[in-house]
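See below for the structure under consideration.
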Amino acid sequence: MNYQTKSAITSIKRFPFQALAAIFLLTVTFLVVTILSVVTYSSSKVIKYFETRPQVIAFLKDSATAETISALQHKLQNDARIKEVKYVSKEEALSIYKDATVDNPLLGELVNPSIFPASLEFSLSDLSRAQAVIEEVKTEAIVDSVGFTASLGGEKTLGDVVNRLRSITLYLKLGGGFFALLLVGTSFLVLVVTLGMRIASRRQEVEILNLIGAKKSFIKKPIVIESIIYVLIGVALGWLITLIVILYIAPSAINYFGEIPILPRDPLMFFSLFGIILLAEAVTGILLATLGSNLALSRAGRKK
Amino acid sequence: MIKFNKVTKTYGEVCALKDVSFEVKDGEFVFLMGPSGAGKTTILKLILKEIFSDTGEIHVGGVDVSKISEKDLPGFRQKVGCVFQDFKLLNERTAYENLEIALAILGIPEPKWKERIDKVLKMVGLQDRKNLFPSQLSGGEIQRASLARALVVNPDLILADEPTGNLDWEKAYEIMEVLEKINKEGKCVIVATHNKEIVGKMKKRVIKLTSGKIISALNKTPDSKS
């Protein structure tokens with residue numbers, strides 16, 4: 001261990017309450033950062049869920065042939081506004097119906113595939129274009145009718161559904177962006193203030209070291225190392241507390257949201273997500289600590 | 001070693017030094033003597049480039065101090081051992097650690113520290129106080145710790161600002177003996193003091209100052225040929 005690292009550790013040991021105050025503030029900051037990271041992940045999953053589930057179903061006429069269906073499917077796939085086009089045959093439609101009525105097998109037995117129309121299901125890259133796309137698809141010769149499935153309940157018209165989904169998506173994106181910005185700004189300020197507090201108490205030391213011939217890098221290094229130690233402990237504690245809380249509430253949350261994948265269900269994916277968050281926080285924390293301690297040091301230098 | 005040529009320094013409207021010129025040769029032991037406010041500390045601060053002169057030239061070791069860049073200043077200061085009037089010990093570190101950091105700044109390998117530090121602490125009589133913090137040391141012990149830090153880096157030039165200020169006669173004389181011993185090893189020593197007894201006892205070259213002006217024994221050492 002080099003002299004500067006030893007010096008940083010000695011400084012932490014000799015002023016445990018200052019160190020604890022700094023670590024506590026940083027732990028709270030990174031606790032909030034971790035929670036919001038998970039919320040951001042879940043929000044993105046909710047948005048993706050609504051964006052990728054089949055939103056539009058074009059029911060096909062019985063007269064549609066395999067060639068005309070294939071031609072329409074190909075046409076839709078080439079439309080930039082449309083994604084994930086899927087053909088559902090009469091048999092598949094019956095199978096879906098039977099799955100949906102599994103609690104009441106009698107309902108399934110009373111029907112045969114011929115009463116279910118084949119369909120083309122697809123989602124839209126942008127919900128605002130739903131109305132136009134549906135109107136166009138309705139004009140296709142083999143299309144009998146078009147249904148829109150993305151209703152969240154309560155909407156009377158397609159316009160209402162689209163508006164509601166667009167509002168939710170917009171709020172999630174705006175809210176996420178705002179919180180992310182707020183958080184980065186707050187984290188940086190907390191870091192600069194916390195580190196500034198430590199450096200202010202060491203201003204005399206900085207002056208003395210200057211007078212006895214210490215280079216700037218020699219003076220900075222232990223302070224930066226000390227800041228990085230605080231940040232890494234803050235990151236680890238904030239992350240660990242969030243992980244424990246999420247592990248505790250995950251079963252209820254996953255159950256509540258049903259098929260919307262707000263959190264990865266595979267343990268490996270779940271811990272990978274948290275691993276990525278930890279790594280990102282550690283890297284961001286080290287960058288902020290280096291930047292923050294340099295800024296706090298230059299401020300201390302100006303106040304001489 | 002040191003050359004002041006018509007150096008003037010003012011603090012606002014107060015003139016600390018006015019047209020001061022003198023020379024100190026390599027290996028010399030010089031007292032800067034005078035009452036408080038005479039300009040002794042200002043001279044030492046100018047040598048260390050802690051402050052800047054208004055006019056005049058200052059050369060240390062053949063280098064024009066005003067031309068030392070910010071980047072080269074640490075290297076310049078590493079060659080000067082300084083005992084500050086207010087000691088300037090690091091209060092968060094023990095006496096031993098204060099000496100360690102001076103060696104770390106010089107980039108001396110850690111295995112060599114202990115031997116050098118123990119030798120210097122023994123020289124100033126602080127070996128049994130080395131693990132105490134400055135707040136746990138007496139005024140005299142702090143002064144000796146400050147001297148030890150200046151000596152441990154084995155500098156070519158030692159500046160001491162009132163190094164006997166808090167010491168009784170016996171301890172003050174011991175400190176002077178240490179400085180004399182260092183001087184005999186070829187180091188240049190400049191001591192700012194108002195202690196006439198010490199100056200009288202040491203029988204070294206004296207530069208007397210009052211109100212920022214040199215008033216006697218100015219530019220010539222006792223054995224100077226010029």
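A, B, ... follow the sequence lines: proteins, then strands. Residue 1 opens every chain.
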Identify which part of [X] has an atom lying under 4.5 Å from any heavy atom of chain A, answering side chain, backbone, both or neither.
{"X": "B:Leu73", "answer": "neither"}
{"X": "B:Ile101", "answer": "both"}
{"X": "B:Glu92", "answer": "both"}
{"X": "B:Phe76", "answer": "neither"}

**OP:** Answer yes or no: is there an ion pair linking B:Glu100 with A:Lys6, defined by an N-O contact shorter than 4.0 Å?
**Re:**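 Salt bridge between B:Glu100 and A:Lys6, a charged N being under 4.0 Å from a carboxylate O: no.
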**OP:** Can you measure from CZ (B:Arg144) to CG (B:Leu151) and round to the nearest 0.5 angstrom?
**Re:**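 B:Arg144 CZ to B:Leu151 CG: 13.0 Å, rounded to 0.5 Å.
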**OP:** Show the numbers, then the answer: is there a salt bridge (Lys or Arg N to Asp or Glu O under 4.0 Å) between B:Glu97 and A:Arg14?
**Re:** CA-CA 13 Å; B:Glu97 288 167 348; A:Arg14 293 212 175 128; 2.8 Å; yes
**OP:** Measure up the B:Phe22 and B:Phe4 rings against each other and bin them: parallel (under 30°), tilted (30 to 60°), perpendicular (over 60°).
**Re:** parallel
**OP:** Would you please classify the geometry between the A:Trp239 ring and the A:Phe274 ring as parallel, tilted or perpendicular, with 30° and 60° separating the classes?
**Re:**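 Rings of A:Phe274 and A:Trp239: perpendicular, as their planes differ by over 60°.
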Subject >> B:His194 NE2: over 12 foreign heavy atoms closer than 6.0 Å >> reply: no
**OP:** Using a cut-off of under 4.5 Å on heavy-atom pairs, state which of B:Arg93, B:Arg149, B:Gln78 scores highest against chain A.
**Re:**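 Between B:Arg93, B:Arg149, B:Gln78, the count favours B:Arg93.
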Subject >> Option that, when pairs with chain B are counted at under 4.5 Å, heavy atom only, ranks first among A:Lys216, A:Glu205, A:Gln204 >> reply: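 The residue among A:Lys216, A:Glu205, A:Gln204 with the greatest pair count is A:Glu205.
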Subject >> Per-residue contact mode, A:Phe218 against chain B (heavy atom under 4.5 angstrom) >> reply: side chain
